[in-house]
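Following: one structure in structure tokens, then a few remarks.
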Number of protein chains: 2
Amino acid sequence: MDEPQRRVGHQTEARSGDAAGPRPPAYAATRKHTPGGRAQQLAPRVRLIDVAREAGLSKTTISAALNGTGRLSDEVRAHARETAWRMGYRPNATARLLRAGHSKLIGFAVREYVEAPWVYMELPYFTQLTNASARAALEHGHALVLLPNHAPREEWADLPLDAVCIVDPMPDDPLVEDFLAAGTPVVTDRRVEGRRGGYWVETDYHAATRGVLDHLAEQGARDIAIVAPDSGAVYARDALLAQAQWSAERGIRTRVENVATPGYTPALAAVERAIGGPDRPDALFVVTEVSPPMVVAAARRHGYTVPDDLLVVCASEDALAEHAEPPVTTLSTQPARIAAAGIKLLVEVLDDGYTESRGAEVPTRLVIRASSLRTPLSAGRPG
Amino acid sequence: MDEPQRRVGHQTEARSGDAAGPRPPAYAATRKHTPGGRAQQLAPRVRLIDVAREAGLSKTTISAALNGTGRLSDEVRAHARETAWRMGYRPNATARLLRAGHSKLIGFAVREYVEAPWVYMELPYFTQLTNASARAALEHGHALVLLPNHAPREEWADLPLDAVCIVDPMPDDPLVEDFLAAGTPVVTDRRVEGRRGGYWVETDYHAATRGVLDHLAEQGARDIAIVAPDSGAVYARDALLAQAQWSAERGIRTRVENVATPGYTPALAAVERAIGGPDRPDALFVVTEVSPPMVVAAARRHGYTVPDDLLVVCASEDALAEHAEPPVTTLSTQPARIAAAGIKLLVEVLDDGYTESRGAEVPTRLVIRASSLRTPLSAGRPG
DNA sequence: TTGAAAGCGATACCAC
DNA sequence: GTGGTATCGCTTTCAA
């Protein structure tokens with residue numbers, strides 16, 4: 001049924017010397033058998049042994065010649081290489097990997113928006129995280145495999161993954177459990193300490209939130225509206241915790257507007273609720289990722305002048321923040337650095353063997369722009 | 001050096017019955033050997049033969065039991081499954097793939113921004129294309145491997161790819177040539193007709209451009225500014241060709257402002273140049289992907305009222321278009337459909353064997369919104 | 001210097 | 001029904 005390459009008159013290497021000519025008599029398809037031979041077939045791939053026969057050498061020699069290993073005479077090496085090149089030989093990657101015992105493949109899945117998978121790719125945070133992960137992986141000789149979150153776990157079981165990144169895992173995420181149970185190292189952006197094979201990259205959302213609130217207070221804010229998702233995501237939970245605590249400590253009023261569903265539209269609606277009521281705040285901190293220019297536009301629609309009537313800070317990775325009018329202060333969690341740190345952890349495990357479950361912390365970055373500076377720009381300290 | 005799993009006292013299956021107990025005496029590391037044994041090692045993976053020995057059955061039987069193939073008694077099947085489960089057995093994906101003759105992996109590379117790789121992932125078009133491709137691939141039982149475009153070809157040679165998607169290939173792209181030469185089917189968004197293993201998905205940019213210009217003319221435009229990249233990309237070239245031809249035919253003035261470098265900032269600068277001069281156009285068609293809200297904001301800055309003084313159409317996939325003020329008319333090339341069509345072509349080749357080089361065409365979609373309707377919204381026909 | 005043979009781990013024949 | 005055996009294509013050890 002699922003039978004792989006089948007060759008007519010195929011010879012084992014042992015017999016290659018006696019009966020076979022330079023090339024075997026006939027090949028069947030490399031791809032699946034086509035019933036009735038309707039479609040043309042892809043040319044069969046040239047194997048190492050084909051090259052060996054053609055060159056009148058052994059598999060071993062060709063392999064060594066091509067890989068630059070072993071001690072071969074220059075002539076033999078050149079001859080082997082030339083023959084391989086002429087025949088269009090390409091080593092079978094799967095076979096090499098099997099031999100090597102690894103796949104050099106790292107899976108990448110985003111879990112937060114499991115129910116609304118199309119959403120996450122629209123968010124700069126995930127986009128940048130994905131892209132940076134792919135880069136980092138490649139720099140370490142690995143490649144990233146996208147694991148769309150809407151697929152059942154079994155769909156991935158057949159993938160030869162050396163390790164996986166699970167972004168925004170759910171609490172006790174079955175996916176994480178499963179990979180861990182399979183002995184596949186997992187890196188997440190949530191602490192999973194103590195689990196064999198579990199690694200994580202952390203962001204101190206608590207400190208970051210306090211940093212933003214401090215900044216706003218320093219700029220004169222006395223009534224801060226916060227827009228945050230009420231998903232179970234760590235960052236949201238930590239942000240709210242920090243906000244409550246900070247508010248109590250400092251005696252500055254903060255209020256929270258929740259965003260229940262993912263996506264720009266609901267988030268924007270929450271922003272409007274937060275600033276649209278009769279009880280007008282003098283500062284706004286949008287934790288949910290929304291387009292910063294849209295936020296200031298909304299503020300403008302509601303009669304605010306940013307930053308005079310309303311200080312605005314967005315937790316966002318959107319490059320457009322600096323193009324808004326006024327440019328918007330952003331809190332970045334630095335996805336590129338998170339990605340690099342996560343991949344690094346994984347690669348270390350993969351390349352150097354098992355080490356204790358551990359994590360790394362990536363700092364956030366508050367980029368202060370005009371939207372949160374009541375004093376003229378020059379007075380603010382960037383960074 | 002790169003030695004794979006090495007087991008102390010490893011037994012071949014043939015000898016399994018005589019000397020070996022239920023489990024082999026000792027295992028070395030599954031991962032690389034750790035010099036000095038400093039770090040703990042990952043537990044060795046359980047192999048089919050380990051399960052077989054433990055269950056007192058043969059590899060074949062366990063395999064059949066687990067895969068639901070063969071004719072096995074219910075007891076044996078249950079016993080095999082139970083043992084496998086208890087031992088935490090996970091089949092080695094690489095081995096299966098080698099046996100199966102395919103990897104179920106599709107590579108995905110974006111070529112347009114080879115020199116500025118960080119740019120493309122910021123653009124909704126590529127983001128959506130990537131995501132939709134991953135989805136489509138997975139729906140067909142394949143997974144997508146991200147191939148960052150800044151890496152040299154050799155980095156990818158080790159990946160067991162069944163096929164690849166090359167987005168925005170350069171003319172005679174060496175990467176495409178190489179994959180084709182290796183016998184790997186390639187799908188691109190540019191016509192590659194006649195090349196064995198070459199498939200493509202097309203967009204009729206010419207017709208799309210004319211459609212936009214017709215729409216603008218219909219709304220009263222008499223002097224249309226076009227902002228387009230002067231990269232060699234097909235879509236840009238076709239758009240400019242169509243524009244020149246349309247302009248000549250209709251006797252309506254059009255002028256082009258080029259964008260030399262990729263990214264939002266240069267594009268936005270080009271928009272400003274296009275509308276900022278003393279010679280003010282009455283319509284603007286932005287072919288380069290820029291944030292639509294940013295475009296109308298720029299227009300406003302330059303004293304235009306959209307759509308009264310300036311009709312605006314953007315070729316963009318940005319969801320924010322409808323949130324701009326006014327909502328912006330967009331020309332979408334429908335990346336999700338392009339992705340689906342491309343993956344479908346590939347999967348057909350992979351699953352059904354070689355068929356002639358061929359392509360598919362995906363229509364564009366003009367979503368008319370207030371920004372390009374001089375007449376009140378109700379008068380416009382959506383779609 | 002070169003090559004035969006033994007695997008990597010799993011699947012599918014084909015006898016028993 | 002069950003299990004031995006040959007492969008998938010390649011790398012590496014080890015003997016010649």
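Proteins come first, then strands; the chains are lettered A, B, ... in the order of their sequence lines, and each starts at number 1.
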From C-beta outward on [X], which listed nucleotide comes closest to its side chain: [options]?
X: A:R96; options: D:dG3, C:dT1, D:dC10; result: D:dC10
X: A:Y89; options: C:dC8, D:dC10, C:dT2; result: D:dC10
X: A:T61; options: C:dG3, C:dT1, D:dT2; result: C:dG3
X: A:N92; options: D:dG1, D:dG9, C:dT2; result: D:dG9
X: A:P91; options: D:dG9, D:dC10, D:dA6; result: D:dC10

I need the [atom1]-[atom2] distance between [X] and [N], as an integer number of Å.
X: A:R71; N: C:dG3; atom1: CZ; atom2: P; value: 15 Å
X: B:L72; N: D:dT2; atom1: CG; atom2: P; value: 5 Å
X: A:L97; N: C:dG9; atom1: CG; atom2: P; value: 13 Å

Exercise. With distance as the sole criterion, do the side chain of B:R99 and the base of D:dT7 form a donor-acceptor contact below 3.5 Å?
Worked result: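 For B:R99, whose side chain was compared with the base of D:dT7, there is a donor-acceptor pair (under 3.5 Å).
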Exercise. Does any donor-acceptor pair link the side chain of B:T60 with the base of D:dG4 at a separation under 3.5 Å?
Worked result: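 A donor-acceptor contact between them is present.
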Problem set entry | Reported CG-to-CG distance for the pair B:L161 and B:L105, which is rounded to 0.5 angstrom | 6.0 Å
For this session: Would you please confirm or rule out a distance under 4.0 Å between OP1 or OP2 of C:dT11 and any side-chain N or O of B:S63?
Result: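 Yes, B:S63 has a side-chain N/O under 4.0 Å of OP1/OP2 on C:dT11.
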Problem set entry | Pairs involving residues 66-80 of chain A, ordered by first then second residue, that meet side-chain hydrogen bond (donor to acceptor under 3.5 Å, both in side chains) (sequence neighbours left out) | A:S63-A:N67, A:N67-A:R96
